[in-house]
Amino acid sequence: MSILLSALPILLLIWAMTKRHSVPSHIALPSTALLVAAIQYGYFEADVRLMLANSVAGILSVLTPISIVAGAILLNRVLFYSGAEAVLSRWLKSVSQNKVAQLMIIGWAFAFMIEGASGFGTPAAIAAPILIGLGFPILPVAILTLTMNSIPVSFGAVGTPIWFGLSGLSLTTSSLHEVAQHTALLNMLAAFVVPIMALRFVVSWQDIRSNLVFILLSILSCTVPYVLVAQWNLEFPALVGGAVGVMLSVILATRGVGLATSTTGQNSDAVLDSREVVKALSPFMFLIAILLLTRLPSVGLKQWLNSTMPIGQWSSYIGEFEVSRSLVLGLQNILGTDISWQYKSLYVPALIPFVLVVFVCVPLFRMSLQQVKLAIKDTGSRLRLPCVSLIGALVMVNLMMQGEASSPMFLIAQGFSQVLGESWAYTAALLGALGSFFSGSATVSNLTFGAIQLDIAQSVGLPVGLILALQSAGAAMGNMVCINNIIAVSTIVGISNKEGVIIMRTLRPMLAYALIAALYSYGFLWLF
């Protein structure tokens, strides 16, 4: 009964958002949060004050995703009104007029590199508008970018899901590297299927077949260095893989390697001054450079931007509010509980790098005051309903996780493990995906379910390195169906009430990914 009631809100949410006349996310998600609250109070007899504190923390937590989305939209609108987006479109057409090549360069390799540097849903947020500027249809592009942005996620944001997401498990260095190696290899195998399924949302099977050699070479240009770097390093597999992939994919496309001859070659109308192209690309160069400088521990900025040393403290009936020297905002002991909230103003990729790059772009592209106002107005107009949706999602997640080992989320996980026993290896990735589906983060999924995956592996005698790799890969594949990411990308590209449609379509490649993970587990267990 407990497991059934725990799963009921999830099942109703999926039904409401995917049925023929779907319920908009700004209605479905807050309604589901209320249902979870009712079940927690009525059946699990949860503490009301703790529920209210979790709700407050969930509402405040919206600041993180909504500020990232706002920054991404603002940069996109600045590039649009400045004309830089049009220049990029013409340049990409000059590299190749082939649609598959353009999708692989931007939707696959470029997004792969951005994920390696930043994560937080920024790859799809940046890649989707560029592809739409090239003339691709909006909804299919949103689905493609969400699907593509899965393989690199395990090592996104300079490897945060691995080295930080599994940090609480007291693994040895060699064990952590074993997890990384399994994860990279599993993701590489999935990369032979997932990007092709993503392409099918936008182009025909005929286009895919006639350009299959280029597609495979572009996939390998990212995943081979990705796997090689993962053999000894936890931070750079996705970043290095993406950077190498972008360069090789552009070179291959320029020379027409593996592309249908009828759609490749130079377009005489698209010849551009190289300085104009560099100028249009410079915001992305700035973006990546700033992300690297602020994410690499060796530089020193990361530690400073995350400093929580308070410079001011205020107490109220809600809790104890703090501001650090790095503008980290915090609310401790919310409503007298041990629940807290934190927002790292300078580390969350919103003010830095998005808004900072916008400040550089305005004089760089000689934008008028009217153009800047239009960019800001466009940004604000897109955020109201997504903000409501995200509040519902985050409150729901906090309430689902209230109760620790007896929380609805953990009861669902334990129910699966008890039924499956040693067969858990074939479905372990789905638990990682469930964590990302709710939390919007592979790192949070690993933090949340890493411990239970470890316990299950040890209790039923499964290889720990394999099971934690399945958790990590599962958290990455869950990015495709993640509610937060879907809302974010939908907001950025300007589509509404399509969340259910997107979930239904991205579910197929996610299940294919899960099948590959199961086959990988079977092969490993059979061999060893």
Side-chain angles (χ1 to χ4, degrees), residues 17 22-33 55-82 85 118-130 132-133 138-139 141-142 145-146 149 283 287 329 341 343-359 361-362 370-397 439-441 482-503:
M17 293 182 67
S22 60
V23 179
S25 63
H26 64 272
I27 296 174
L29 287 165
S31 300
T32 305
S55 299
V56 170
I59 293 168
L60 292 173
S61 295
V62 169
L63 186 56
T64 296
I66 209 69
S67 63
I68 296 169
V69 171
I73 295 174
L74 182 60
L75 178 59
N76 169 251
R77 294 293 81 196
V78 164
L79 295 175
F80 174 78
Y81 285 112
S82 67
E85 193 173 281
S118 175
F120 287 96
T122 51
I126 294 172
I130 297 175
I132 291 167
I138 296 175
L139 181 60
V141 160
T145 52
L146 284 164
N149 187 34
L287 203 72
L329 310 179
W341 163 81
Y343 178 73
K344 299 177 179 179
S345 304
L346 302 181
Y347 189 73
V348 169
L351 292 175
I352 301 174
F354 285 121
V355 175
L356 181 59
V357 172
V358 164
F359 275 113
C361 287
V362 171
Q370 181 62 25
Q371 288 175 318
V372 175
K373 286 181 178 179
L374 285 171
I376 295 172
K377 183 180 178 182
D378 279 6
T379 301
S381 66
R382 298 189 186 192
L383 295 177
R384 182 171 56 87
L385 291 181
C387 188
V388 175
S389 300
L390 288 168
I391 286 173
L394 293 169
V395 170
M396 177 186 67
V397 169
S439 68
S441 166
C482 163
I483 295 173
N484 292 8
N485 287 350
I486 290 171
I487 293 170
V489 173
S490 299
T491 305
I492 288 162
V493 301
I495 55 178
S496 59
N497 197 25
K498 295 293 183 182
E499 295 86 0
V501 173
I502 294 173
I503 289 174

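Counting from 1, the numbers follow the sequence of the chain as shown.
- Rounded to the nearest 0.5 Å, atoms CG (Leu146) and CG (Asn149) are 7.5 Å apart.
- The distance from atom SG of Cys387 to atom CG of Leu63, rounded to the nearest 0.5 Å, is 9.0 Å.
- The shortest heavy-atom contact between Thr145 and Ala127 is CG2-CB, 4.2 Å.
- Looking at heavy atoms from C-beta onward, Leu287 lies in side-chain contact with Ile126 at the 4.5 angstrom threshold.
- The minimum heavy-atom distance between Leu383 and Ala70, with the atom names listed, is CD1-CB, 3.7 Å.
- Counting heavy atoms from C-beta outward, Leu75 and Val355 have side chains that stay 4.5 Å or more apart.
- Residues meeting the side chain to side chain donor-acceptor pair (under 3.5 Å) test with Ser389, sequence neighbours left out: Ser25.
- If you take CG on Leu374 and CZ on Phe80, they are separated by 9.5 Å, rounding to the nearest 0.5 Å.
- If you take NZ on Lys498 and OG on Ser490, they are separated by 10.5 Å, rounding to the nearest 0.5 Å.
- For the residue pair Pro129 and Asn76, the shortest heavy atom distance occurs at CB-ND2, 2.8 Å.
- With rounding to the nearest 0.5 Å, the separation of CD1 in Ile492 from CZ in Arg77 is 11.0 Å.
- Using a 4.5 Å heavy-atom cutoff, the side chains of Asp378 and Tyr81 are in contact.
- Between Leu29 and Met396 the shortest side-chain heavy-atom distance falls below 4.5 Å.
- The shortest non-hydrogen separation linking Ala33 to Val395 is CB-CG1, 4.1 Å.
- Of all heavy-atom pairs between Leu394 and Gly58, the closest is CB-O, 3.6 Å.
- When side chains are defined from C-beta on, Ile391 does not count as touching Pro30, because their heavy atoms never get closer than 4.5 Å.
- Side-chain contact between Val493 and Val141 is absent, with no heavy-atom pair separated by less than 4.5 Å.
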| query | Run the side-chain contact (heavy atoms from CB on, under 4.5 Å) check on Leu329 and Ser345 step by step: do they pass? | reply | CA-CA 7 Å; Leu329 310 179; Ser345 304; 3.9 Å; yes
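- Counting only heavy atoms from C-beta outward, the side chains of Ile68 and Pro65 never approach each other to under 4.5 Å.
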| request: Starting from the C-alpha separation in whole Å, work towards a yes-or-no answer on side-chain contact (heavy atoms from CB on, under 4.5 Å) for Leu351 and Leu356. | output: CA-CA 6 Å; Leu351 292 175; Leu356 181 59; over 6 Å; no
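- Annotation: the span from Ile495 atom CD1 to Leu139 atom CG amounts to 5.0 Å, rounded to 0.5 Å.
- Checking side-chain atoms of Trp341 against main-chain N and O of Leu60 turns up a donor-acceptor pair under 3.5 Å.
- Two residues are said to be in side-chain contact when any heavy atoms from C-beta on lie closer than 4.5 Å; Pro283 and Leu79 meet this criterion.
- Using modelled atom types, one finds a donor on one side chain and an acceptor on the other under 3.5 Å when comparing Tyr343 with Ser67.
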